[in-house]
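Reminder, nothing fancy here: chain letters follow the sequence lines and each chain counts from 1.
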Amino acid sequence: MSFIPCDTSMIALVDCNDFYASCERVFDPRLIGRPVGVLSNNDGCIIARSAELKAMNIEMGTPLFQIQALERKGCIALRSSNYALYGDLSARVMQILDEFSPGVERYSIDEAFLDLAGMQSPEEICRQIVHKVPVYTGIPVSVGAAPSKTLAKVASHLAKKQAGRKGICVFHSANDPELINWLNTLAIEHIWGIGKRLGRKLRQHGIETALQLREADHNWLKRHFSVPVKRTAMELNGTNCLTLDDTPDPRQNIMCSRSFQKATNSLTDLKEAIRFHAQTACQKLRKQNGLAQAILVSVRTNSHRFEPQHKEARAWALPVASDDSALIIRYAQEQLEQIWQPGFRYRKAGVMLLDIIPWRPMQLGLFEHQQKEKKDQEHKRRNLMHTLDKLNDRIGRDAIGFGLSREQADWKMKMAYRSPRYTTCWNEIPVVKAN
DNA sequence: TGGGGTCCT
DNA sequence: AGGACCC
């Protein structure tokens, strides 16, 4: 039996630089070198910025109206968020990372943890990653590596922040003097896992920096705070106590919800929205080979307004575990009619699929002739769904589905600055012209 | 800023 | 179930 001592652990965090803005640049090179901002759903505010936009001191969360004049003058470029594009490019990046380690945890759309334990030269691997990913995908990345996830986060921060590092920062030991120096200046609430509230509470006890946290008594931390805070302190000490989750369990719930561009009371509008979300949720469900046993439909008004409020969500068990879009849409719409009330301006609607179990053939009834009929029916349904999913995968999501939504419905998102779905929609793939 | 998640209590 | 945290 081989024994690998803990202090040989080495975790790398690969982080895409300004991911959404970089994605927009991949297919629109005119944006290279320009300040680029990506907007939230409904074009509300800035949620991602290129380096040039950051340099203009345009902060995260800046409302669109404050920068619209700059956009019109051509000083900055804006894009509505295009998650089909970002998801696709993310998958390409992750695919390349898989070549560098057998243990890759897709932590978020633009970040992954890699297990580099036992590899000869983490620096060399990081260098190759930082070189290869942009060459193959057009997305620049930086890498931080250290003995624990929390320290890898710290390293990744430095990799980005300090220009001389060229996007790479490796700490072999938690006792690296440079690392200790940095931890000494790192404010407590900037540590991964310590948010605003915990930060405030820790400060009340005199703990203000990352270094102070890691030197605090761990049992005291566990008693006065929580197990996670204690674990964060251990991680800062270089003890790798957060596992690398490279094979996450399939979802037990799938939720799809969106706020509308304009509030609406129309039941027709809401039914359309619910149908749309139920359909998207079912696509995700089938992709993970699951069956839902219950659904939940929710609607709510805009709580930021001084007007009559109504917020309701109701769950309903399905008669049989199902992944059938038509059936689930029907149930979801029936439920919507139960909770919808006249006189409210609804701002958001959603569908959640609950109690998801792995797919299995339908349970059989008591009588044989019924069995055969039901089996045939189920078979046909599955074929239909399969065909739908394949077409939507190939032609572009929402290319084909149940029912039609009106192009300009209130419940739809506002996406005035949307870029083409370069990678997921045949009508919008880029055209290369050559003379 | 808002639509997803996770984990812990 | 709700809180806290994450991206």
Consider the side chain of A/Ser40, meaning its heavy atoms from C-beta on, and name the nucleotide among C/dC7, C/dC5, B/dT1 that approaches it most closely.
-> B/dT1
Which atom names give the shortest non-hydrogen contact between A/Pro102 and A/Asp246, and what distance separates them?
-> O-OD2, 3.9 Å
Looking across every strand, which nucleic acid part, if any, lies under 4.0 Å from A/Arg231 by heavy atom: base, sugar-phosphate, or nothing?
-> sugar-phosphate
Tell me what A/Asp110 touches on the nucleic acid: a base, only sugar-phosphate, or nothing, going by heavy atoms under 4.0 Å.
-> sugar-phosphate
Spacing between A/Lys153 atom NZ and C/dC6 atom C1', to the nearest angstrom = 8 Å
Start at the 5' end of DNA chain B and walk down; is the nucleotide closest to A/Gly61 or to A/Val227 reached first?
-> A/Gly61
Non-hydrogen atoms of A/Asp269 and A/Ser266 that approach each other most closely | N-OG, 2.9 Å
What distance do A/Leu221 atom CG and A/Leu202 atom CG have between them, rounded to the nearest 0.5 Å?
-> 7.0 Å
Assign A/Lys201 to base, sugar-phosphate, or nothing according to its heavy-atom contacts below 4.0 angstrom with the strands shown.
-> nothing
So, is A/Ser257 close to the B/dG4 phosphate, meaning a side-chain N or O under 4.0 Å from OP1 or OP2?
-> yes
At under 4.0 Å between heavy atoms, what does A/Ile191 touch on the DNA or RNA strands: base, sugar-phosphate, or nothing?
-> sugar-phosphate
Which is true for A/Gly195 with a 4.0 Å heavy-atom rule: it touches a base, it touches only sugar-phosphate, or it touches nothing?
-> sugar-phosphate
Side-chain contact check for A/Arg251: nearest option of B/dG3, B/dG5, C/dC7 is B/dG5
A/Ser259 side chain near B/dG3 phosphate (N/O to OP1/OP2, under 4.0 Å) | yes
Walk me through it: do A/Asn42 and A/Arg258 pass the test side chain to side chain contact (heavy atoms under 4.5 Å, CB included)?
-> CA-CA 9 Å; A/Asn42 287 314; A/Arg258 223 67 113 210; 5.8 Å; no
Taking only N and O in the side chain of A/Lys348, is any of them less than 4.0 Å away from OP1 or OP2 of B/dG3?
-> yes
Minimum-distance nucleotide to A/Met255 side chain [options: C/dC7, B/dG4, B/dT1] | B/dG4
Measure the acute angle between the ring planes of A/Phe225 and A/Trp220, then classify it against the limits of 30° and 60° as parallel, tilted or perpendicular.
-> perpendicular
Would you mind classifying the nucleic acid contact of A/Ile194 as base, sugar-phosphate or nothing, using non-hydrogen atoms under 4.0 angstrom?
-> sugar-phosphate
Nearest-angstrom distance from the residue atom OH of A/Tyr83 to C1' of B/dG5 = 13 Å
To the nearest Å, give me how far apart OH (A/Tyr417) and C1' (B/dT1) are.
-> 16 Å
Roughly how many Å is it from CZ in A/Phe260 to P in B/dG2, rounded to a whole number?
-> 14 Å
Can you check the A/Arg258 CZ to B/dG4 P distance for me, whole Å?
-> 4 Å
Grab the CD-P distance between A/Glu189 and C/dA4 for me, whole Å please.
-> 16 Å
Classify the angle between the aromatic ring planes of A/His277 and A/Trp411 as parallel (below 30°), tilted (30 to 60°) or perpendicular (above 60°).
-> perpendicular
For A/His224 and B/dT9, give me the distance from atom NE2 to atom C1', rounded to whole Å.
-> 17 Å
Using a cut-off of 4.0 Å on non-hydrogen atoms, how would the nucleic acid contact of A/Ile46 be classed: base, sugar-phosphate, or nothing?
-> nothing
Contact nearer the 5' end of DNA chain B, comparing A/Pro228 with A/Arg347 | A/Arg347
May I have the distance from A/Arg79 (atom CZ) to B/dT1 (atom P), rounded to whole angstrom?
-> 23 Å
